[in-house]
Amino acid sequence: MWAIKCDSGRLILEDKDNCLGIVIRIHSNYYYVDYNNETWECMLRSKLKKEGTEPKVGDKVLIDEFKIVTKDDVISIHSAVITSILTRNNELDKPNVANIDQAIIVTSTYSPDFNPLLLDKFIVLSESNNINPIICINKSDKIDEDLREFIEKTYRNIGYEIVYTSAKENQGLDDLKNVLSNKISVLTGVSGSGKSSLINAINPELSLQVAEVSKNLGTGRHTTRHVSLQKVFFNNQKALIADTPGFSFIELNNIQSKELAWNFREFTPFIPECALSDCLHWQEPDCNVKRNINTETSRYNNYLNLLIEVLGFEKINNARSSKKESQVKISQRADGKNIRVVKIGSQAREDSRRTVKQELSEIGKRTSIDDMEED
Ligand code: GDP
Ligand code: ZN
């Protein structure tokens, strides 16, 4: 718990407690930590290194052994050492970032058209990752009253925060800045919705790695560049914004079918009272969710569409694991010992050539609920 101030060769020792900072960038073995509005270049304490602990961007870390080096009265370096990493609230792989407070789901009113299924999918991705979704309706210079009414009725009524922006006409930018202040945020949404334009409009010095998610459902590319958190000040309030869009892959392959409904916040109060503990709130008898919500809404319809997608992934994964098991055989060696032989059959080889995405696109041909019911 000490700090050294190297002032043109002068060393000043200061008492300092371990302080809580946030990793905003990583470069080789250096972790850049935002603490007290300064960026500190930190090494990892050797004990953590030995344990194999690796901080991620967004990690809340305790830092110590502060060193401020000045040369000719100009501060040349702030350095410190990371002594521990706090438990993460959430973490994403792509982009590789932790402790995100909120995902700003940038949705456009036209080009690409407003798509409630896609919006609900991004909401599910946020909720399932324990990240608060904020709906940002961009290109609101082109919104019509019917669409605004639909959005208000469907999303505001169930408690989602909504901001209307126009990056083009500089509208709603203060609302967006307020939402971003004092939080760690990722912007997400399909390409063309206006994420880069918004980032640019709120602060021209910021930039966003663009176009990770295509306009089509489920396809994605991700950038190889490492994510970093950009520090921006709006009216003296600090915002940390990831410079890579969130959820590069918008597939729901990590969600179990019986968990999906928990990501629809208006369903959750009713789920525990369904007759079946693994109720999918679809065809099951005595479903308390269906009894209490309006099943004529786009939300419920989108729930069913996403459920089909999730069930499709489960079907593929189950088929794969049962195929895998059937290929393990016990054979006897010449010396009499039993050995385990894993035989890759022609079907398994065939499967390994096909990606989950290809298989899903086949399932996707049966997008209507009626088709599924015939199975
Ligand atoms: P991104 O792929 O999500 O980063 O989207 P961009 O920021 O690249 O924007 C895609 C297109 O939409 C560009 O041609 C922008 O000029 C346009 N655009 C962005 N924001 C707005 C807006 O608020 N209103 C209108 N009319 N066009 C916009
Ligand atoms: Zn149910």
Side-chain angles (χ1 to χ4, degrees), residues 95 103-115 118-119 122 135-144 147-148 151 162-176 185-204 206-216 219-223 225 230 241-248 250 256-295 299-300 303-304 306-307 310-311:
I104 313 294
I105 305 173
V106 181
T107 311
S108 77
T109 56
Y110 87 108
S111 183
D113 282 343
F114 178 78
N115 180 336
L118 213 42
L119 174 56
F122 276 108
I135 301 169
C136 173
I137 307 292
N138 189 42
K139 308 196 190 183
S140 64
D141 47 295
K142 300 262 185 176
I143 196 167
D144 66 40
L147 179 55
R148 189 186 281 267
I151 293 166
I162 304 169
V163 276
Y164 293 90
T165 57
S166 166
K168 192 175 166 208
E169 316 237 312
N170 281 350
Q171 287 164 8
L173 300 184
D174 286 340
D175 295 337
L176 182 59
S185 309
V186 290
L187 267 72
T188 192
V190 292
S191 68
S193 56
K195 297 180 293 299
S196 347
S197 307
L198 279 173
I199 286 280
N200 205 39
I202 57 174
N203 189 328
L206 288 176
S207 70
L208 191 78
Q209 293 286 296
V210 289
E212 277 69 29
V213 178
S214 88
K215 285 174 194 173
N216 302 319
T219 57
R221 246 178 335 117
H222 75 97
T223 167
R225 224 197 70 165
Q230 308 266 328
I241 306 169
D243 68 349
T244 306
F247 314 120
S248 314
I250 50 169
Q256 289 185 358
S257 51
K258 62 178 195 296
E259 300 297 326
L260 181 66
W262 288 99
N263 302 298
F264 284 73
R265 55 172 68 170
E266 69 275 38
F267 298 3
T268 56
F270 309 115
I271 297 174
E273 301 303 321
C274 286
L276 300 174
S277 63
D278 55 356
C279 185
L280 297 179
H281 326 294
W282 176 17
Q283 299 161 315
E284 295 79 2
D286 202 9
C287 170
N288 194 43
V289 170
K290 281 176 74 175
R291 206 165 29 237
N292 283 283
I293 62 149
N294 180 357
T295 55
R299 287 277 292 171
Y300 182 71
Y303 165 73
L304 291 183
L306 297 179
L307 182 64
V310 170
L311 287 170

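Order of appearance sets the numbers: ligands from 1, and atoms from 1 within every ligand. Here the structure is a predicted model, which is why all the values come from computation and not from measurement.
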- [ ] Verify the distance criterion only: is there a donor paired with an acceptor across the side chains of T165 and N138 at less than 3.5 Å?
- [x] yes

Open item on the list: I need the atoms of ligand 1 closer than 4.0 Å to a non-hydrogen atom of Y110, numbered in the order shown.
Closed with: 26 (N)

- [ ] Report, in ascending order of atom number, the atoms of ligand 1 lying under 4.0 Å from any heavy atom of D141.
- [x] 22 (C), 23 (O), 24 (N), 25 (C), 26 (N)

- [ ] Output the list of atoms in ligand 1 that are nearer than 4.0 Å to some heavy atom of V190, sorted by atom number.
- [x] 3 (O)

Open item on the list: Between E284 and W282 (side chain of the first, backbone of the second, donor and acceptor by atom type, cut-off under 3.5 Å), is there such a pair?
Closed with: yes

Open item on the list: Would you say that L276 contacts P285 through its side chain, given a criterion of any heavy-atom pair below 4.5 Å between the two side chains?
Closed with: yes

TODO: Say whether, by atom type as modelled, one donor and one acceptor occur between the side chain of T188 and the main chain of V186 under 3.5 angstrom.
DONE: no

Task: side chain to side chain contact (heavy atoms under 4.5 Å, CB included) involving E273 - partner list, sequence neighbours excluded - done: N288

- [ ] Would you mind finding which of P245, S140, A201, S196 brings a heavy atom closest to atom 8 (O) of ligand 1?
- [x] S196

Open item on the list: D175: which residues meet the salt bridge (charged side-chain N to carboxylate O under 4.0 Å, His left out) condition with it, sequence neighbours left out?
Closed with: none

- [ ] For the pair T109 (side chain) and K139 (backbone), establish whether a donor and an acceptor sit closer than 3.5 Å, ignoring hydrogens and angles.
- [x] yes

Task: Reported CD-to-CG distance for the pair Q256 and D278, which is rounded to 0.5 angstrom - done: 11.0 Å

Task: Geometric N/O contact K139 with ligand 1, under 3.5 angstrom - done: yes

Task: Sequence-distant partners of R148, side chain to side chain donor-acceptor pair (under 3.5 Å), two or more places apart - done: none

Task: Whether Y303 and F264 hold their rings parallel, tilted or perpendicular, with breakpoints at 30° and 60° - done: perpendicular

TODO: Closest by any non-hydrogen atom to atom 2 (O) of ligand 1: pick that one out of G192, A167, P112.
DONE: G192

Task: Option set G194, S108, G172, S191, criterion heavy-atom distance to atom 5 (O) of ligand 1, minimum - done: G194

Task: Closer than 2.8 Å to the Zn ion (ligand 2) - protein N, O or S atoms, ordered by chain and residue number - done: C274 SG, C279 SG, H281 ND1, C287 SG

Open item on the list: Under 3.5 Å between any N/O of N138 and any N/O of ligand 1: does that happen in this structure?
Closed with: yes

